[in-house]
Number of protein chains: 2
Amino acid sequence: MRLSNLADYAVVTMCQAARHCGGGRVSAAELASETGLPAPTVQKVVSKLTSAGLMRSVRGAGGGLQLARPAAAISLADIVEAVEGPIALTACVDSEDCAIHDNCSVKPHWPIVNNALRGALADIPLTRLARTEDMARTEELA
Amino acid sequence: MRLSNLADYAVVTMCQAARHCGGGRVSAAELASETGLPAPTVQKVVSKLTSAGLMRSVRGAGGGLQLARPAAAISLADIVEAVEGPIALTACVDSEDCAIHDNCSVKPHWPIVNNALRGALADIPLTRLARTEDMARTEELA
DNA sequence: GTGAAATCGGAACGAATCAGTCCGATTTAC
DNA sequence: GTAAATCGGACTGATTCGTTCCGATTTCAC
């Protein structure tokens, strides 16, 4: 029930990239120094984010990265799925190598749980995560 | 974003125990043979469930297990937390050994995400998972 | 045309958590 | 008092994950 570290770093990286959205392209090294994350880790993260279509990359000198869509159109579910694959609590959905196969009475209920979970993450846009600390505090109290 | 196998087995075990709720106590070996799970694994699972207060155990000859509360009062979040600990996507909440410490702008937003996620799981009672397959199918279509 | 800069893809090492199994301690029934 | 059956905790092996590094490709600047 815990997010992988890579997915956590992906969220941080995307938030930082959202701040540079107006300023055009940003290099991966720049994002690393701003967030405090190791540079190789950021490289691996942005690699997954670009292949998932969440970021656009421009190669060569003067190149860099930028969000493929507006920050408001990117949800937390998109970032998590880009790094960790489909949101599914169990392996039942895509593979049949379960220990109890067909005798499992819980199996038909997992899709409902997965959808509920995904919906909770899809309701959180990137813009909400990129706010300042003060705004978040008032948000918690509400 | 995936549940551990032990948590998965815990859900299956609790569902099976819910069916024996009216019949008094059930042995761990009985639950193992009915679900098809390995007996030692079931032992490990029920150990965590009893220590969490979800099950009551009676030792000695003729002893067994039974649900501590009615199945309707046990949610999926309870079972997951009993096996995997508190529902938290990141380690930020309970420890400070984050790589980026205080410079992390996303940190204040995680409690909101965790609450949303926990709420989604808390809305699914054990009775809903113990239904038959037909009822679940109609539920999906709805 | 040449050099420098920056991203992309894959592979390899190390660590940590997890699944599975076993044996001992405790308690009840006869 | 004996015996049977249960729960509880500890140990070992394995799989996965996190992290790092290197070479290949592409573009701008001079």
Side-chain angles (χ1 to χ4, degrees), chain A residues 1-10 12-13 17 20 24-33 35-66 68 80 82-85 89-91 95 97-100, chain B residues 1-10 12-13 17 24-33 35-66 68 80 82-85 88-91 95 97-100:
Chain A
M1 204 56 227
R2 194 161 291 189
L3 220 56
S4 70
N5 288 5
L6 242 59
D8 187 2
Y9 299 157
V12 176
T13 303
H20 290 277
R25 293 181 277 272
V26 192
S27 69
E30 203 168 350
L31 288 173
S33 66
T35 57
L37 295 169
T41 301
V42 175
Q43 279 190 0
K44 194 179 186 69
V45 166
V46 297
S47 173
K48 296 211 172 206
L49 290 172
T50 52
S51 62
L54 266 59
M55 273 185 160
R56 286 198 71 81
S57 66
V58 178
R59 299 174 68 163
L65 305 155
Q66 59 183 1
V80 172
V83 176
E84 299 200 343
L89 264 60
T90 61
S95 68
D97 52 339
C98 183
I100 49 187
Chain B
M1 206 56 227
R2 192 161 293 188
L3 221 55
S4 70
N5 289 6
L6 240 59
D8 187 1
Y9 298 156
V12 176
T13 303
R25 292 181 278 272
V26 191
S27 68
E30 204 168 350
L31 288 174
S33 66
T35 56
L37 295 169
T41 301
V42 174
Q43 279 190 359
K44 194 182 186 70
V45 166
V46 296
S47 172
K48 294 210 174 206
L49 291 172
T50 53
S51 62
L54 266 60
M55 274 184 160
R56 287 197 72 82
S57 66
V58 177
R59 300 175 67 163
L65 303 156
Q66 57 183 1
V80 172
V83 177
E84 299 200 342
L89 264 60
T90 61
S95 67
D97 52 340
C98 182
I100 50 185

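Only heavy atoms go into these numbers, but all of them, side chains included; no hydrogens, no water, no symmetry mates. The chains referred to below are lettered A, B, ... by the order of the sequence lines, with proteins before strands, and numbering in each begins at 1.
- For the contact set between residues 45-53 of chain B and DNA chain D, defined by any heavy atom under 4.0 Å, the members are B:Ser47, B:Thr50.
- When the C1' atom of D:dC7 is taken as reference, atom CZ of B:Arg56 falls 14 Å away, rounded to whole Å.
- Not counting sequence neighbours, the partners of A:Ala82 by the side-chain contact (heavy atoms from CB on, under 4.5 Å) test are A:Leu49, A:Ala52, A:Leu54.
- Between A:Ser57 and the phosphate of C:dA6, there is no side-chain N or O to OP1/OP2 separation shorter than 4.0 Å.
- Checking side-chain atoms of B:Ser47 against main-chain N and O of B:Gln43 turns up no donor-acceptor pair under 3.5 Å.
- Whole-Å rounding puts the B:Leu3 CG to C:dC18 P distance at 11 Å.
- Of all non-hydrogen atoms in A:Thr50 and A:Leu65, the two that sit nearest each other are CG2-CD2, 4.1 Å.
- Going from atom CD of B:Glu30 over to atom P of D:dC7 covers 11 Å, rounded to whole Å.
- Put simply, the side chain of B:Tyr9 reaches to within 4.5 Å of the side chain of B:Thr41, judged on heavy atoms.
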Reading nucleotides 20-30 of chain C from the 5' end, what letters show protein touch, with B for base, S for backbone sugar-phosphate only, - for no heavy atom under 4.0 Å?
BB---BBBBS-
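- Heavy-atom minimum distance, B:Ala7 versus B:Leu3: CB-CG, 3.7 Å.
- Considering all non-hydrogen atoms of both residues, B:Arg2 and A:Leu89 come closest at CG-O, 3.1 Å.
- The distance between atom CE of A:Met55 and atom C1' of C:dT7, rounded to the nearest whole Å, is 13 Å.
- Remark: P of C:dA6 and CD of A:Gln66 are 16 Å apart, rounded to the nearest angstrom.
- For B:Glu84 (side chain) and B:Ser4 (main-chain N/O), a donor-acceptor pair under 3.5 Å exists by modelled atom type.
- Among the heavy atoms of the strands, none lies under 4.0 Å from B:Ala29.
- Residue B:Ala17 comes nearest to B:Leu31 through the heavy atom pair N-CD2, 4.0 Å, listed as atom of the first residue, atom of the second, then distance.
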